Amino acid sequence: MKRSRLLTLLVGGVFCLAVMSLYRMLELMQGAEPQPRRDAPDEQDLSRLQQKIDRLERLLSDNNRLVARLRDSLLQHKASWERGGGGANVSSDSTHSQALLFPDANSRNVKYRLSALQLLDVYDLLPFDNPDGGAWKQGFEIGYRGDEWDEQPLELFLVPHSHNDPGWLKTFDGYYQDQTRHILDNMLQKLSQDHRRKMVWAEISYFSKWWNDIDDQKRATVKRLVGAGQLELVTGGWVMADEANSHYFALLDQLMEGHQWLHRHLGVTPSSGWAIDPFGHSPSMTYLLKGAGLQNMVIQRVHYAVKKHFARQQTLEFLWRQTWDSSPRSDITCHMMPFYSYDVPHTCGPNPAVCCQFDFHRLPGRRVFCPWRVPPQPITDQNVQERALLLLDQYRQKSQLFRSPVLLVPLGDDFRFVETSEWDVQFTNYQKLFDYFEQHPELHIKARFGTLSDYFQALHRRLGAAGTSLPTLRGDFFTYADRDDHYWSGFFTSRPFYKRLDRTLEATLRATEILFSLTLAEMRRFGADGRPDARFPARDHFRRLTVGRRNLGLFQHHDAVTGTGRDPVVVDYGTRGGAYCTSNPNPSKGAGLTVFPTINNQYPDYRIRVLIIDCFRSLIVFNPTEQLQTSVISVTVDSPDAHVVDAETGRPMAAQISAAWVEPSQVSTEMFQVRMSSSMGLLIGSVIGLLIGSVIGLLIHVAVALLRGRTSSSVLRLPSGRLQQLQVQFLWYGTRTGTNQEKSGAYLFLPGEDGPQVKSPLVRVSRGPIFSDITSCFQHFTHTVRLFHLDGHAGKSLEISNMVDIRSEVNRELVMRFVSDVANGNRFYSDLNGFQMQQRRTLLKLPLQANFYPMTSAAFLQDSGSRLTLLSAQSQAVASLRPGELEVVLDRRLQQDDNRGLGQGITDNKLTASLYHLLLEDRRGGAQEVGGATVEHLSLLAHLTSLSLSHPPITMVAPSDSQLPKLRPFLPLRLSLPCDIHLLNLRTLEDTQVRSTPGDTPLKHLSDVSCWSWTTGRVNLEDLFSPLRFRSVRHSSLTLLHDEPESAWQPQRITRLRPMEISAFRVQLD
Ligand SMILES: [Zn+2]
């Protein structure tokens, strides 16, 4: 009560102050102006009036800035009180905001500004009112006196770039042929003409393709340009990856593919990141970049209100820190572009109408023009002064948003610099402007073409010299909005079929990488002088593996896994990924094994049927996790009389045979599902025999009931005995109605009212010794809830699978919603890239679509007693719109384009499977939080469940007439890794020098505060792959470009990992 009164008073005070200062300025102005004479001519009067208005405008804008600053500081006060800081916080906060209230705007070295930012707090502070900011529509008027640069001149780096999407409106190959190869060809020629010219390039998928097409002379020129610092390879990833839907495995894999390529062909190690187009930004990406040795990065697509706030606070440059990290170990310097876009109109300064005049590709007569109707002019001796000053004004205004007088101005757009003439007009006109600046030292600007490294080196030098520090920031930049209420939460689910395919490809690739590396090491052990046995087609396998890596890498592009490409482009991605998934993961090619892609089991029409009538079939099962686990293997067979035995011992195994359904109420007479539980060691290939018509222990359990019922509602019991209500609902979201209303599309989610609940399903129930399940068949989807009767973590969660088909719908999105009595308030947690959990706050001041966040693999709700976790096998949008609720968007079908360049709706929906595990855990007693209230992690049980959900056993079947030698289990990993350590990959590197193939082992230490058997992160590498031994082990950066010095191999080598840490080792296996 007291607080709110104080706040009211403060608000009143602030407005009084604002009005007073406005009044005072008017008074001063009147005093300063000479009184108009009655006999003066009208024109003079008018011009005076004009001057007066101009001054008044300037004063008003100054005043607006002051009021905005006051409002920010007030909101800061409010937030700190609401956080319940109490008396202890008041003193420190009040000194802090004292400084905020009276900043010394003249000095760049002021220390008043925030030194630690938390994005969740920024969201609490901001009103999200979107006022018109004038020329900079989403910002504010920027003022300066003009003498700010007298002491320290403005140092400007103009960074030419061309944003090349590896697939969007055209396929990867289409763009390469039509645009990209010309851009790169011209780059060689045009940069060579003048050593002052520079360029940055990000997409290694294109660069490597072009490299394959050029001759040695051109390759030498590339190396010379790179060596001279004229061409910089930035980020160095295979693509500029999406940061919402991509799993950190794939993010790291594509980064490693790019970095390894660069290292091999150019000897380059990237130092700066460049992510100007991904639709929102994640700290998981920054963790990987820092771990790979990058020091700096640039981001662009951030909510416009957040940008404005950061611009006002001069915090557009910050040290991005991991939420869970209390040390600066993971910090990376980040530059956030302040304005709407990365094109030229939105990069030189706040006024796009002016900046557009300095995009010389838009000169009259060329193909593009300025929509602000003021075209660029070629720079001549006559206009150079006027043009230079006009541009300088924009540079100076932009510079006011940063703490240092070093300024980064990108020069480029999508697929720019295709024609040689574009290079000429851009570089020659800008050079004339730069020359003019050079000849006029009184302007206090040093301008030149630069790369990102040039910029960041100058930035760090100037910051260091001035003793200015950058603030630290924790949090992520989701959900992105570029204007109004246009939140980009639609792409979190768009094309869900492909999002699921992506994760299947990922799991398949990882399993294949591990199997290949271990098999290769085994083959070398048996081969002569360290070379693999000649009968093992290592080269061929490695080539196929590389294709798989690159297809997965390509799919992480921000128009691929996001589902925002054109229909034929989506098909192209799908063909690349799908082909790999179904053909490649076969480490014993030639043995005639058939692989069951794990995804197929969910698609009835694509199930591979194993013929077992009159024969014995061997299944080979590979557990790709590093944990001993009991899993359920599922196979479709042609006889209900199947019998399962352990091939090694001949002993019968527990199995359950159930019906395969062709229609919701019609059972197939030709297909049957056999599910057997198998306790499998870590990274082990087990052999299981499949028999039919056995004389003993025929295990058939088909118990089916057809019911008419409603949506499922159930009660879950916690281990403590506590009961938890849980209901699953299915709902529709429509689009906005009315012809002028903007509607949802591939990127945007602009929902109308949420639709009615879906009702009256046909329900099937089956029970057996391995599992029991309930399947509800609705018109548009089938929903199965399954409980496995197994020991270990597999038996502790509910498996939920959906098969969705909304092809008959128009402008609708289907949602699965859990309604529980967990009292989570407005807070819930969703993961970022499967790497970490991020707290979310559902805010009423934001529209519904803004409260949806990406869920790559997990989300949970919790109160003081329990936690409800949804683990997901695919990326989707997630929200908790009301306390106790958690909902995911399953599929979206939208007939129209949403005006972000795609030019089409998304109507290529498919029959789409989705898979989850739902876990209810007791939080009483063991629950604790580390590093502040915003940091939470998945429990160890949830981690393990998520791991087996993402990496299910890989099943292969031997042909019936198999001449296979008697197979024995393959046990590469001698001991289970500690349960909180995950083997991310075991990847063989291409080494052109020695043709040997060392592997690398990124390990991740999962942090778990409520873990029931957590370790100290110690791994004994000596024992890891026994009997294989390490010849050498070197700790390295995440993409293996920066190795620790080689030390003598020590037996019993123990390596320690910190919580959440990912470590990479370059190892040689003997
Ligand atoms: Zn793009």
Side-chain angles (χ1 to χ4, degrees), residues 159-176 178-180 183-184 199-207 209 233-246 250-251 254-255 258 273-282 285 297-302 336-337 339-347 368 410-418 452 477-478 480-483 486 488 490-492 494-495 498 502 553-570 572-573 745-748 854 897-904 906:
V159 179
H161 70 99
S162 178
H163 180 67
N164 280 238
D165 292 304
W168 180 38
L169 307 179
K170 298 180 189 175
T171 60
F172 173 74
D173 289 330
Y175 274 134
Y176 177 76
D178 296 350
Q179 278 113 328
T180 309
I183 299 169
L184 289 166
M199 193 185 198
V200 297
W201 188 270
E203 299 82 9
I204 304 305
S205 47
Y206 277 131
F207 203 84
K209 187 175 173 64
L233 282 309
V234 286
T235 311
W238 201 245
V239 295
M240 189 183 288
D242 171 47
E243 299 178 27
N245 302 290
S246 292
L251 285 177
Q254 63 85 28
L255 194 61
W274 178 252
I276 56 170
D277 202 24
F279 323 140
H281 295 282
S282 162
M285 190 66 192
M297 61 187 292
V298 173
I299 58 171
Q300 149 61 19
R301 290 199 186 267
V302 169
M336 183 195 296
M337 293 189 190
F339 309 119
Y340 174 74
S341 166
Y342 52 82
D343 60 10
V344 182
H346 298 95
T347 45
V368 270
L411 175 71
D413 205 334
D414 291 356
F415 295 96
R416 277 303 186 90
F417 300 105
V418 178
L452 278 193
F477 294 103
F478 292 114
Y480 169 60
D482 56 350
R483 56 179 188 250
H486 290 190
W488 294 41
F491 84 92
F492 300 154
S494 294
R495 265 83 174 237
Y498 294 92
D502 167 59
L554 197 66
F555 201 63
Q556 307 313 308
H557 163 52
H558 59 264
D559 286 308
V561 66
T562 50
T564 55
R566 286 239 172 111
D567 290 349
V569 179
V570 173
D572 181 56
Y573 289 132
Y747 303 90
L748 304 182
D897 183 43
D898 51 5
N899 301 313
R900 292 304 182 280
L902 181 61
Q904 62 157 79
I906 38 169

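For ligands, and for the atoms within them, numbers begin at 1 and follow the listed sequence. Bear in mind that the values here come from a model prediction, so they are computed numbers and not experimental data.
- Shown here are the protein N/O/S atoms lying under 2.8 Å from the Zn ion (ligand 1), water excluded: His163 NE2, Asp165 OD1, Asp277 OD2, His558 NE2.
- Evaluation of the ring pair (Phe, Tyr, Trp, His ring centres under 6.0 Å) rule for Trp274 yields His161 as partners, not counting sequence neighbours.
- Every residue meeting the side-chain hydrogen bond (donor to acceptor under 3.5 Å, both in side chains) condition with Ser282, not counting sequence neighbours, appears here in chain and number order: Ser284, Asn833.
- Using modelled atom types, one finds no donor on one side chain facing an acceptor on the other under 3.5 Å when comparing Thr562 with Asp242.
- Sorted by first and then second residue, the salt bridge (charged side-chain N to carboxylate O under 4.0 Å, His left out) pairs with a member in residues 557-570 read Arg495-Asp567; sequence neighbours excluded.
- Applying the side-chain contact (heavy atoms from CB on, under 4.5 Å) test between Arg900 and each of Tyr747, Phe491, Phe279 identifies Tyr747 as the sole match.
- Side chain of Tyr573 to backbone of Gly565: no donor-acceptor contact under 3.5 angstrom is found.
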